Amino acid sequence: MNQEIKQAPGCIAFIGIASGWGAQVRETEKGPEVLYKSGVLSSLHIPWVWKETLFPLKSSQDIHLPSGVLTLPYIEDVCKRTALSVVDSLQKQHFPVVIGGDHTVAVGTWAGVTFQLKTQQKFGLIWIDAHMDAHTMETSPSQAYHGMPLADLLGYGESCLVNVLEKGPVLSPHHVCLIGVRSYEEGEAALLKRLGVRVYYMSDVQKSGFENIFQEALHYVKQDTDGFGVTIDLDAFDPEDAPGVGTPESQGLKAQEVLPTLTRLQHDPDFKALEIVEYNPERDRDDKTLSLVRDLLINILPNSEMMQEIDI
Ligand SMILES: [Mn+2]
C-alpha cells in the first residue's frame, strides 16, 4: 500500500502518547513505542499511518517526581499537544486512534475531538475501565492525575485540564457511561452519582453479559449527541487477558466476550475516535496484552472491505 493511499481520507492515524506522568507507576510511557515497533500493526488490513509519538518534556528516566502537582506542567503540556494532534488528524479526515501512556491523556484526546467537531457537551463517550477516574485533588488518596481525567472532562479539576483548547466542560454527564468498574473510592463515586453519570459495574456485566451492556451503552451515547468515541483502559480486562497494565484489578472483562461485541463499532458513522491506554510492556507476560491491543484494533476498526473501497 503506497503512502498516497495510506494518507487518504478515512485512513487511521495512530498517535502515541509516551507519558506516564499521571500514574504512580510510570512504565506506561513505554507503551506506544513498544506497540509501534512490535510490528503487530502490520496485521491490520486497513490503511493506517503512525502519525507521531508525543513525548513529554521530560521522561521519568530524566527526573524523579512524586505524584501530584509537580507532575502537572508535564501533563498539561502533553495533553495540549495531544489535543492539537487529534485536531490535525480530524482536519485531514483521518480517524484518530490515541495510544497511551496513562489515562490522563483522555483530557487531551476528547478536548481535541469535541473542539474540531464542534460538539462540546454534545459528544458521547463510552469509558471502559476498572476504575472511575473521576477523582479531584480533594478526593484522591494517591494524587495521581490518571485517577482524575473523567472529572476533568466533566468540568471538575485543574483549570488547565478542564479548559485545554476552549473553555470547558468538554463532556456532559448525560452523554457518558462507564463499563467494567470494580475498584473506586467514595469521593469519585459521589461526584458521578451527583452528576447522574451512568455506571455499568462489573457486577452488571456479570449479570447481563457484556453484549447486552455494550448495546445499551451504545444506544445511550448516541442519543441526542453528534458523534461518540470509545476510550479503553486496558485494566478493564481481567489480568489473565491483560497482565501488562498500570493498575491491574482482578475479576475483569473477558477478551473472548468483549472482542466479538466491539465489531459493531466497525462501520458506525457516528463513531469518531478511539483511545487505548495504560499498556505497560514491562509487566506484560507472553505478549498477552500486546496481542489484546492488536485484537482490539482488528475488531474495532473498519475491516478489509473498507480497504477495498478506498483502494478502488
Ligand atoms: Mn483509567
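Numbering of ligands and ligand atoms starts at 1, following listing order. All of these numbers come straight from a predicted model, not from anything done at the bench.
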Would a line drawn from the ring center of Y36 to the ring center of F14 be shorter than 6.0 Å?
no
Does a side chain donor of either N280 or T28 reach within less than 3.5 Å of an acceptor in the other side chain?
no
Give a yes or no on whether the backbone of V205 and the side-chain of S208 come within a donor-acceptor separation of less than 3.5 Å.
no
With the Mn ion (ligand 1) as the apex, the ND1/OD2 angle for H103 and D233 - to 10°:
90°
Does D102 put an N, O or S atom under 2.8 Å from the Mn ion (ligand 1)?
no
Report the angle formed at the Mn ion (ligand 1) by atom OD2 of D129 and atom OD2 of D133, rounding to the nearest 10°.
90°
Any idea how W127 and H103 line up, ring-wise: parallel (<30°), tilted (30 to 60°), or perpendicular (>60°)?
parallel
